[in-house]
Amino acid sequence: TKSCRGNDGVDPRVIAKKRAMSKCLQQLYRYKNNQLCWNVTSIGDSAVEQHALKELLKEHSRSTLCKTVKLAGEPTLEQLTSQLESLVPHLSRMVSYSKDFDWTSSSLFLGR
């Protein structure tokens with residue numbers, strides 16, 4: 001992954017992802033009980049998604065679960081299809097898991 005840090009050391013891609021994620025989560029949890037724990041899972045092929053979600057949830061005062069899955073970087077369409085098909089059986093377990101996690105495609109035996 002190329003480094004895109006500005007002079008201030010902040011990656012503008014992370015800032016952009018945080019903004020998009022924040023907007024989505026605000027809409028998703030808008031009508032939910034404010035005491036509700038935000039149970040958020042990010043699945044992507046870039047570490048940018050992981051960093052953005054972690055930073056975003058650290059900034060919130062509410063209870064959060066931060067779950068990330070890092071797929072293989074820059075996959076072909078066939079590789080991405082294989083990874084996502086391999087991920088499907090794990091989705092229920094991921095959602096119900098009650099702790100933060102950072103998983104990689106290899107830790108889930110994806111792409112085989």
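On a predicted model such as this, the values are computed, not experimentally measured, just so you know.
Panel note: side chain S82, backbone E78; no donor-acceptor pair is recorded below 3.5 Å. The backbone N or O of D102 sits nowhere less than 3.5 Å from a side-chain atom of Q50 that would complete a donor-acceptor pair. Judged purely by atom type and a 3.5 angstrom limit, S96 uses its side chain to pair as donor or acceptor with the backbone of S92.
Side-chain contact between T64 and V40 is absent, with no heavy-atom pair separated by less than 4.5 Å. By the 4.5 Å heavy-atom criterion applied to side chains, V69 and S42 are not counted as neighbours. H51 places none of its side-chain heavy atoms less than 4.5 Å from the side chain of V48. Side-chain contact between L80 and D45 is absent, with no heavy atoms from C-beta onward closer than 4.5 Å. By the 4.5 Å heavy-atom criterion applied to side chains, T41 and T68 are not counted as neighbours. Counting heavy atoms from C-beta outward, K67 and N39 have side chains that approach closer than 4.5 Å. Between L65 and C37 there is a side-chain heavy-atom pair separated by less than 4.5 Å. Counting heavy atoms from C-beta on, the side chains of L71 and Q79 never come closer than 4.5 Å.
Here T76 contributes atom OG1 and Q83 contributes atom CD; the two are 8.5 Å apart, rounded to the nearest 0.5 Å. We find the CG-CZ distance between L25 and R30 to be 13.0 Å, quoted to the nearest 0.5 Å. Annotation: the span from L87 atom CG to W103 atom CH2 amounts to 9.5 Å, rounded to 0.5 Å.
Between S86 and P89, the shortest heavy-atom distance links the atoms O-CD, 3.3 Å.
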Practice task
Take R19 and L56, measure what side chain to side chain contact (heavy atoms under 4.5 Å, CB included) needs, and give me the verdict at the end.
Solution key: CA-CA 9 Å; R19 284 184 185 144; L56 176 64; over 6 Å; no

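Shown here is K17, whose NZ atom has no more than 12 heavy atoms of other residues, nucleotides or ligands within 6.0 Å. Within a 6.0 Å sphere centred on CD of E74, other residues, nucleotides and ligands contribute 12 heavy atoms or fewer.
At a threshold of 4.0 Å, the pair K54-D100 does not count as salt-bridged, since none of the basic side-chain nitrogens sits closer than that to a carboxylate oxygen. The existence of a salt bridge linking K70 and E49 is excluded, since no basic side-chain nitrogen approaches an acidic carboxylate oxygen closer than 4.0 Å.
Ring geometry for W38 versus Y29: interplanar angle under 30°, hence parallel rather than tilted (30 to 60°).
There is no path of hydrophobic side-chain contacts, each under 4.5 Å, that joins L28 to V95.
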